[in-house]
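Residue indices begin at 1 and follow the sequence shown. Both backbone and side-chain heavy atoms feed into the values below; hydrogens, waters and symmetry mates do not. Note that the structure is predicted; figures quoted are calculated from it, not measured.
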Amino acid sequence: MEAQIEHKGRIVEILTHAFENNKSVLDIVGENKGSLLRLKYLIEYAVNVCGHYGRVMISDDQNACALVLFPDRLQMSFRYFYWNLKLLTQVIGFGNLRKVISREIRISDLHPKGEIYYLWFIGVLPDVQGKGLGSKLLVELIADAEFMERKICLETSTVKNLPWYRRYGFKAYHRLDDFGYPLYFFCC
């Protein structure tokens, strides 16, 4: 179901725990003191952006969620500028700005052109992983993308998730090895 404002804290909790060891996310937030707090701020940023320029979904039992972005709908506004300023000061830091911008440009240049359904984050609380919650949510997202006539795309650095995405019809279209770990690009 589409999340409501009262779900924001739960969504941040789910994704913070689900991504605390993710190589791609750690590349942005760092792996030192304070990285868990910076991860939380990154997820809050993504929830805000997807809440205005995409979809924020949560499972009925509130143990799984997904953040979907429609990049073609992004618009510069005071609110979007403010969120990016907070991201810079709370997560990235001025010292990493060039690296993160370069990384994000490299990744977005590899996305298919046109209107896509970008699955930015999907996660399940670690305690209840392996029970089909993520699969059920992914099936709903695929149906929503098909209804909207958008190609659903994502990237992952988590190798154990590759067969899972393939099981649901995702096809790898690129592998990027520029960041010290492989980043796999998928579309369905």
Side-chain angles (χ1 to χ4, degrees), residues 14-16 18-31 35 38-39 42-43 45-50 52-57 64-76 80 83-84 87-88 91-92 96-124 129-130 134-188:
I14 293 167
L15 293 176
T16 298
F19 282 84
E20 65 184 309
N21 296 310
N22 181 281
K23 292 177 186 174
S24 182
V25 170
L26 290 173
D27 196 26
I28 294 172
V29 302
E31 295 186 64
S35 62
R38 287 190 302 277
L39 172 57
L42 173 64
I43 299 300
Y45 167 82
V47 170
N48 288 334
V49 171
C50 292
H52 281 82
Y53 305 110
R55 294 208 195 301
V56 178
M57 307 296 284
C65 61
L67 304 180
V68 175
L69 180 65
F70 305 132
D72 56 291
R73 294 186 183 172
L74 280 173
Q75 295 178 359
M76 185 49 69
Y80 186 60
W83 292 332
N84 279 281
L87 181 71
L88 172 62
V91 178
I92 298 169
N96 284 334
L97 182 59
R98 180 188 298 257
K99 173 188 148 192
V100 171
I101 288 175
S102 172
R103 176 188 187 278
E104 294 307 308
I105 289 171
R106 182 83 172 104
I107 289 170
S108 66
D109 283 348
L110 292 169
H111 289 165
K113 303 303 174 223
E115 296 180 349
I116 65 169
Y117 191 101
Y118 178 59
L119 182 51
W120 194 355
F121 288 96
I122 184 169
V124 177
Q129 288 178 358
S135 294
K136 182 179 178 195
L137 184 56
L138 186 59
V139 167
E140 290 175 22
L141 296 170
I142 292 168
D144 189 42
E146 287 174 356
F147 176 77
M148 294 183 71
E149 298 180 350
R150 287 178 177 254
K151 185 180 281 195
I152 185 169
C153 301
L154 61 93
E155 64 268 347
T156 184
S157 61
T158 307
V159 175
K160 73 176 186 172
N161 288 346
L162 302 181
W164 185 68
Y165 288 119
R166 288 186 180 113
R167 189 173 339 136
Y168 290 96
F170 285 84
K171 304 230 181 319
Y173 69 90
H174 194 79
R175 175 182 161 153
L176 188 61
D177 291 300
D178 294 7
F179 310 124
Y181 54 87
L183 192 60
Y184 301 90
F185 291 72
F186 283 87
C187 275
C188 179

Examine distances only and state if a side-chain atom of R38 and a backbone atom of V29 form a donor-acceptor pair shorter than 3.5 Å.
yes
Looking at every heavy atom in both L154 and Y118, which two are closest together, and how far apart are they?
CA-CE1, 4.2 Å
Would you say L74 and V49 make side-chain contact, with heavy atoms under 4.5 Å?
yes
F186 vs Y173, ring-ring contact (aromatic ring centres under 6.0 Å, His included): CA-CA, chis, key distance, verdict
CA-CA 6 Å; F186 283 87; Y173 69 90; 8.2 Å; no
Hey, could you give me the CG/CG distance between L87 and L97, rounded to the nearest 0.5 Å?
9.5 Å
Please verify the inter-ring angle class for F19 with F121; under 30° counts as parallel, over 60° as perpendicular, anything in between as tilted.
perpendicular
F179 backbone acceptor or donor facing K23 side chain under 3.5 Å
no
Approximate separation, where rounding is to 0.5 Å, of C188 SG and K171 NZ
7.5 Å
Has the side chain of S157 got a donor or acceptor atom that lies under 3.5 Å from a matching backbone atom of S24?
yes
Rounded to the nearest 0.5 Å, what separation is found between the CD1 atom of I101 and the CD1 atom of I92?
7.0 Å
Distance, nearest 0.5 Å, that separates CZ of R103 from CG of L176
9.0 Å
Per the side chain to side chain donor-acceptor pair (under 3.5 Å) rule, which among H174, H111, R175 passes with E155?
H111
Before we go on, tell me: are the rings of Y184 and Y165 under 6.0 Å apart, centre to centre?
no
CG of L162 to OG1 of T156: how many Å apart, nearest 0.5 Å?
6.5 Å
G123 and A18: which non-hydrogen atoms are nearest, and at how many Å?
CA-CB, 4.1 Å
Which pair of non-hydrogen atoms, one from Y53 and one from L69, has the smallest distance, and what is that distance?
O-CD1, 3.4 Å
Is there a side-chain contact (heavy atoms from CB on, under 4.5 Å) between E149 and Y117 once you walk through the steps?
CA-CA 9 Å; E149 298 180 350; Y117 191 101; over 6 Å; no
Nearest heavy-atom neighbours spanning W164 and S135:
NE1-OG, 2.9 Å
Is it true that a side-chain atom of E115 and a backbone atom of R150 form a donor plus acceptor pair closer than 3.5 Å?
no
Mind checking the CG-OG spacing from N96 to S102? Nearest 0.5 Å is all I need.
12.0 Å
Side chains of P71 and S108, heavy atoms from C-beta outward: is any pair under 4.5 Å?
no
Note: L137 and C65 closest approach over all heavy atoms is CD2-C, 3.4 Å
Between D144 and I152, is any pair of side-chain heavy atoms under 4.5 Å apart?
no
Does a donor on one side chain and an acceptor on the other come within less than 3.5 Å for N48 and Y80?
no
Heavy atoms of V68 and L119 approach each other most closely as CG2-CD1, 4.1 Å
Tell me, do L141 and R55 make a side-chain contact under 4.5 Å, heavy atoms counted?
no
